[in-house]
Amino acid sequence: MEARYFSKKVVEWYQQNKRSLPWRNTKDPYKIWLSEIILQQTRVSQGLPYYQDFVREFPNVHALASASEQKVLRLWQGLGYYTRARNLHKAAKEVSTKHKGVFPSSFEELKKLPGIGEYTAAAIASISFEEAVAVVDGNVFRVLARMFGIDKPINSPEGKKYFSSLANQLLDKKQPATFNQAVMEFGALHCTPKNPQCSTCSFNATCIANKNNLQSVLPYKLASKKSRRRYFYYIVIRKGNSLLMNLRKGNDIWKGLYDFYLIEKSRLVKTEHLLNDDLFLKKLKPLISDVSTSGLFKHILSHQNIQAKFITLELAKKPVAIPENLRFYSIKKVGQLPKPVLISRFLSDFRLL
DNA sequence: AAGACGGGGCA
DNA sequence: TGCCCAGTCTT
């Protein structure tokens, strides 16, 4: 697809379909800035009332700068990502004092203000000052990836550079404000993440994703390491000088290494609840001597997103049936296990030896 | 390069 | 319930 063709058609679409929004009726960099910060990671429907509150309460950068941080935060309450509010306030003070109330007017100068990165600097520079610099936000990634069939990962440094360069190539330098907003609005309303309106899209004959049914895989993103919190409740079972060890399997942390019998939860739970609910422990419990509930899980270890709690229990006799991953190893032999990394660490930590 | 930061939409 | 959304700053 020709760059000129894309730019022309997306602007045409924008003229006919754009929403009427308060920050579209002004070029005041203060208000554009305010709207851009509020709309970071935030849908218009959620951000709009906050924008109105802020404009009413702080009609200009001096009003915002002279307010207390408490008041700014109170107005921001419920919107999330609260460092945005703190940086907003900090930046307002800088503009008010260092720049004497005159907003920086170039991409490079804007980027120096706290809370203003690549995207926001480009947005303000283009919308308020018609600087010929393309914005690259989530909408732009999506629209360009689909339209031009680009499978470079949008969350890699190379991918980001590539998309930024493409967006700047496509940019209509005669009307950067309109072009940038057109692409973003098109992404927000028409070329949506889910259920894009391809059947009524004026690009559907030329869009690579539509022609190849790739809407659901573009934009492509590198699998992000999802860091959910994990709570490991370890029951260290001892019988004489044998320890019940667990060989970890599957595609998970510490695969192939040994640890102890483990009850995993996605959140903190009451230990009584934990002990009563677990089937295996119900089987073990009758065999356990010397359970002092006062000492339950008093050892805590932290590893990345894992919080591990430990309890040691002494068995009166060995259980008849235990899961296959679990075996008793004599403490003397522990050092000779195939990969004793975890074990030795845990053992020295808890002085079981 | 990877993680933290939040609330809302949606399956 | 848990995944997804995706700018900026920090480590």
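Just the heavy atoms: all of them, side chains too, but no hydrogens, waters or symmetry mates, feed the values below. Here is the naming used below: chain letters follow the sequence lines, and residue numbers restart at 1 for every chain.
- Look at CZ on A/R43: it is 12 Å from C1' on B/dG6, rounded to the nearest Å.
- With rounding to whole Å, A/N139 atom CG is found 11 Å from C/dC5 atom C1'.
- Spacing between atom CG of A/N87 and atom C1' of C/dT10 amounts to 12 Å, rounded to whole angstrom units.
- Here the separation of B/dG8 from C/dC9, taken at their P atoms, is 24 Å to the nearest Å.
- The listed nucleotides are B/dA1, C/dA6, B/dG8; the one nearest the side chain of A/P157 is B/dA1.
- Within 4.0 Å (heavy atoms only), A/I116 reaches sugar-phosphate atoms of the nucleic acid but no base atom.
- OP1 or OP2 of C/dC5 lies within a sub-4.0 Å distance of a side-chain N or O belonging to A/K221.
- Between A/Q41 atom CD and B/dC5 atom C1' there is a gap of 9 Å when expressed in whole angstrom units.
- OP1 or OP2 of C/dT8 lies within a sub-4.0 Å distance of a side-chain N or O belonging to A/T120.
- Of all nucleotides listed (C/dG7, C/dT8, B/dA1), C/dG7 comes nearest to the side chain of A/D137.
- A straight line from CG of A/N195 to P of C/dC5 spans 13 Å, rounded to a whole angstrom.
- Using modelled atom types, no side-chain atom of A/W13 and backbone atom of A/N17 make a donor-acceptor pair closer than 3.5 Å.
- Between the OH atom of A/Y81 and the P atom of C/dT8 there is a distance of 12 Å, rounded to whole Å.
- Between A/R146 and A/P193, the shortest heavy-atom contact is NH2-O, 3.0 Å.
- Here A/R142 lies in heavy-atom contact (under 4.0 Å) with sugar-phosphate atoms only.
- Side-chain contact annotation: A/Q40 with A/T120, donor-acceptor N/O pair under 3.5 Å present.
- Note on A/Q40: a side-chain N or O is less than 4.0 Å away from OP1 or OP2 of C/dT8.
- The aromatic rings of A/H190 and A/F186 sit parallel, their planes meeting at an angle under 30°, below the 60° perpendicular limit.
- The phosphate of B/dG7 (OP1 or OP2) has a side-chain N or O of A/Y82 nearer than 4.0 angstrom.
- Where A/K90 and A/P219 meet DNA chain C, the nucleotide closest to each residue was compared, and A/P219 sits on the side nearer the 5' end.
- When atom types are taken as modelled, the side chain of A/R238 and the backbone of A/L315 share no donor-acceptor pair closer than 3.5 angstrom.
- Across the P atoms, C/dA6 and B/dA11 are found 16 Å apart, a figure rounded to whole Å.
- For A/R84 and C/dC9, the shortest distance from a side-chain N or O to OP1 or OP2 is not below 4.0 Å.
- What separates CG of A/L88 from P of C/dC9 is a distance of 12 Å, to the nearest Å.
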With salt bridge (Lys or Arg N to Asp or Glu O under 4.0 Å) as the criterion, how do A/K152 and A/E158 come out once you've worked through the C-alpha distance, each side chain's angles and the decisive distance to 0.1 Å? CA-CA 8 Å; A/K152 298 194 189 306; A/E158 309 90 88; over 6 Å; no

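- Using atom P as the reference point in both B/dG6 and C/dT11, the two lie 15 Å apart (nearest Å).
- Between A/T42 and A/K194, the residue anchored nearer the 5' end of DNA chain B, judged by the nucleotide with its closest heavy atom, is A/T42.
- For the pair A/Y50 OH and B/dG7 P, the computed distance is 9 Å after rounding to whole Å.
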